[in-house]
Amino acid sequence: MALRFFNTYSRALEEFAPRDPPNISMYTCGPTVYSNAHIGNFRAYIFEDLLQRHLETRGFKVHRVMNITDVDDKTIRGARETKISLNDFTEPFKRAFFEDLETLRIKRANEYPGATEPRYLARMIEMIAELIKRDLAYQAEDKSVYFRINKFPEYGRLAHLNLDELRPTGRVRSDEYEKENIGDFALWKAWDEEDGDVGWDSPWGRGRPGWHIECSAMSTTLLGDQLDIHCGGVDNIFPHHEAEIAQSEGVTGKKFVRYWMHCAHLLVDNQKMSKSLGNFYTLRDLTARGYSGREVRYALLRVHYRVPLNFTFDGMEESRQALTRIDEWLERLREISTTISSEAPGAPMPNAGFQQALDDDLNISGALGVLFESIRETNRAMDANELGAIAAKAWLQWWDEVNRALALDAVETIVLPPEIETLAEARRLARLAKGWQKSDELRLELNARGWEVRDTKDGQKITRRVGPEP
Ligand code: AMP
Ligand code: ZN
């Protein structure tokens with residue numbers, strides 16, 4: 001079966017035909033760096049990672065861009081409240097984000113443009129000027145510049161919304177009266193006192209860009225006027241991606257994106273996991289409870305991206321068990337692969353079912369079904385001494401292929417919290433200086449904080465002790 005994906009734009013499964021195979025341009029909306037990302041955000045990034053990895057398994061060359069939103073209401077508010085510059089405020093969250101990506105084994109994008117970089121600001125200003133020239137945007141009395149949605153007939157196509165439905169509901173904020181139409185969105189926000197020293201000069205006065213134009217500017221600068229794939233969570237569809245289409249196509253006159261792909265939300269008690277509801281876990285919350293990045297990755301990966309996924313600790317335990325099954329299976333295969341054992345003619349052999357399932361709109365449940373069915377069958381064959389070294393090697397090779405998409409092998413990188421890192425480093429130095437008593441004291445200190453230390457020939461290994469909540 002050919003590769004096919006569900007396109008939000010057409011609401012249909014479509015055969016995948018990129019513009020310039022094997023090259024693929026892919027844009028993924030990234031984090032707003034005003035706090036640490038939660039695992040709901042990471043569900044979206046892991047879905048995008050699976051997509052990229054599967055495309056690469058199928059021979060495509062993916063050029064992926066993920067933006068970093070480092071200026072918006074929330075980042076400005078955070079900087080103001082902590083009385084530091086916008087850049088100093090966002091920097092630690094950016095750093096944490098990249099660490100988390102690593103813990104979750106998410107492949108790095110080719111580029112991570114930041115909205116406040118001069119070349120993108122210049123592009124935003126250029127695009128806004130062009131939209132005004134084409135009568136698609138206007139400066140209102142409040143000095144902000146808005147997109148005129150009435151002049152863009154396709155507005156609402158992606159979200160399948162009727163413009164008439166965009167009537168104001170409830171009380172209209174006083175600043176909304178400045179606009180010609182309640183649905184018009186800001187391209188450039190005029191400076192106000194709340195913005196403090198954050199602002200850039202533009203032909204429309206001092207101000208800052210709207211969030212939507214940031215993505216249009218960064219994506220078209222780095223990937224050209226037309227992209228193959230654009231992803232995000234379903235909450236991005238409207239207004240964010242709808243606005244991106246209006247702005248980009250309004251400027252270039254060309255179809256902006258071929259395939260729009262959106263993942264369903266990660267839920268907690270059937271509500272979206274979000275900062276505003278306060279029902280969220282960060283990756284660090286989970287690693288502090290003893291879960292590894294690999295376990296969290298599995299938990300977020302195992303359900304089809306278009307199906308809402310309810311986060312539970314039972315689900316975390318199931319993920320741990322699933323990974324243990326894989327690890328034990330691989331261990332057995334590795335053992336057999338080095339022996340001289342006879343091959344039984346009926347031993348199960350790998351097939352292409354795993355990749356074929358992913359070809360079908362990233363059907364991960366189907367793909368994992370193939371994996372666990374294979375594990376069951378080969379375990380049975382190994383129990384019966386029917387699987388020899390040749391078959392074991394073939395299965396190990398199969399796993400390597402499968403794991404290109406999954407990235408779930410057992411090598412674990414754990415990020416230690418800074419205070420544990422400091423204790424571990426002190427213990428390493430104590431041992432170098434043969435300070436055994438000091439080293440033992442530090443071990444006890446680490447134990448007391450819930451960490452285990454093992455001394456191996458490669459040095460000390462630190463793992464989180466799994467147990468009740470700290
Ligand atoms: P934000 O920082 O809110 O712009 O979100 C970054 C990305 O995470 C976007 O692609 C969102 O659609 C996505 N996202 C936010 N919350 C969730 C959630 N609970 N489940 C899945 N994706 C989410
Ligand atoms: Zn975006």
Side-chain angles (χ1 to χ4, degrees), residues 8 26-51 64-75 78 90 93-94 96-97 100-101 104 106 109 111-115 120 123-124 127 158-159 185 187 209-223 227 229-248 256-257 260-283 296 299-301 303-312 315:
T8 309
M26 177 168 167
Y27 187 85
T28 50
C29 289
T32 305
V33 280
Y34 71 103
S35 65
N36 287 337
H38 59 67
I39 57 167
N41 303 127
F42 285 114
R43 181 183 193 200
Y45 307 142
I46 285 177
F47 138 66
E48 292 153 1
D49 184 58
L50 177 67
L51 175 60
R64 185 161 67 88
V65 173
M66 174 177 269
N67 71 296
I68 306 282
T69 299
D70 54 6
V71 58
D72 79 324
D73 291 348
K74 288 177 275 197
T75 43
T90 55
F93 298 122
K94 262 188 242 177
F97 174 69
D100 288 356
L101 289 184
L104 290 171
I106 296 172
E111 277 144 312
Y112 289 99
Y120 305 118
R123 171 75 177 151
M124 293 171 213
M127 288 182 88
L158 176 72
F185 55 87
L187 297 166
W211 172 40
H212 314 313
I213 194 74
E214 296 179 0
C215 279
S216 284
M218 291 186 269
S219 59
T220 55
T221 303
L222 293 169
L223 297 170
L227 324 181
I229 304 177
H230 194 317
C231 306
V234 285
D235 57 319
N236 283 158
I237 298 175
F238 192 87
H240 186 51
H241 290 163
E242 194 74 60
E244 277 189 47
I245 295 176
Q247 298 160 153
S248 308
F256 177 41
V257 169
W260 283 99
M261 295 177 69
H262 294 97
C263 84
H265 282 146
L266 183 68
L267 311 174
V268 182
D269 297 331
N270 296 313
Q271 271 190 308
K272 178 189 172 192
M273 180 178 286
S274 72
K275 285 277 156 60
S276 53
L277 291 172
N279 60 352
F280 64 92
Y281 293 98
T282 63
L283 178 59
V296 179
L300 297 175
L301 187 74
V303 169
H304 190 276
Y305 75 94
R306 285 195 288 117
V307 177
L309 165 58
N310 208 28
F311 176 81
T312 61

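Numbering of ligands and ligand atoms starts at 1, following listing order. Count residues from 1 along the sequence.
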Worksheet item: Quick one: do the His265 and Asp235 side chains pair a donor with an acceptor below 3.5 Å?
Response: yes
Worksheet item: Judged by modelled atom types alone, do Lys275 and Ser35 share a side-chain donor-acceptor pair under 3.5 Å?
Response: yes
Worksheet item: Would the Phe97 and Tyr45 ring centres measure less than 6.0 Å apart?
Response: yes
Closest approach of any protein heavy atom to [atom], naming residue and atom:
| atom | result |
| --- | --- |
| atom 3 (O) of ligand 1 | Asn41 ND2, 4.2 Å |
| atom 12 (O) of ligand 1 | Asp235 OD1, 2.4 Å |
| atom 19 (N) of ligand 1 | Met273 O, 2.9 Å |
| atom 20 (N) of ligand 1 | Leu266 N, 2.7 Å |
| atom 16 (N) of ligand 1 | Lys272 CE, 3.4 Å |
| atom 10 (O) of ligand 1 | Asn236 OD1, 2.9 Å |
| atom 4 (O) of ligand 1 | Thr32 OG1, 3.9 Å |
| atom 22 (N) of ligand 1 | Gly40 O, 3.0 Å |

Worksheet entry | Nearest option to atom 18 (C) of ligand 1, as decided by whichever heavy atom of Arg43, His265, His241 sits closest | His265
Item to complete: Return yes when at least one N/O/S atom of His212 is nearer than 2.8 Å to the Zn ion (ligand 2), and no when none is.
Response: no
Worksheet item: Hey, is there an N, O or S on His241 sitting under 2.8 Å from the Zn ion (ligand 2)?
Response: no
At their closest point, which heavy atom of [X] faces which heavy atom of [Y], and how far apart are they?
| X | Y | value |
| --- | --- | --- |
| Val33 | Thr90 | O-CG2, 3.4 Å |
| Met218 | Gly114 | SD-C, 3.9 Å |
| Arg123 | Thr220 | NH2-OG1, 3.2 Å |
| Met66 | Pro31 | SD-CD, 4.2 Å |

Worksheet item: Judging by distance only, is a nitrogen or oxygen of Gly233 under 3.5 angstrom from one on ligand 1?
Response: yes
Discussion item. Below 3.5 Å, N or O to N or O, backbone or side chain included: is there any such pair between Ala44 and ligand 1?
Written reply: no
Discussion item. Once you restrict to heavy atoms under 4.0 Å, what part of His38 touches ligand 1? Side chain, backbone, both or neither.
Written reply: side chain
Fill in: Side chains of Tyr120 and Leu222 in contact at under 4.5 Å (non-hydrogen atoms)
yes
Fill in: Sub-4.0 Å atoms of ligand 1 with respect to non-hydrogen atoms of Gly232
10 (O)
Answer yes or no: is there a donor N or O on one side and an acceptor on the other, between the side chain of [X] and the main chain of [Y], under 3.5 Å?
| X | Y | result |
| --- | --- | --- |
| Ser216 | Glu244 | yes |
| Asn67 | Pro113 | no |
| Thr28 | His230 | no |

Response to the item:
Output field for angle at the Zn ion (ligand 2), His240.NE2 vs Cys215.SG, rounded to 10°, should show 110°
Worksheet entry | ligand 1 contacted by Tyr45 (non-hydrogen, < 4.0 Å) | yes
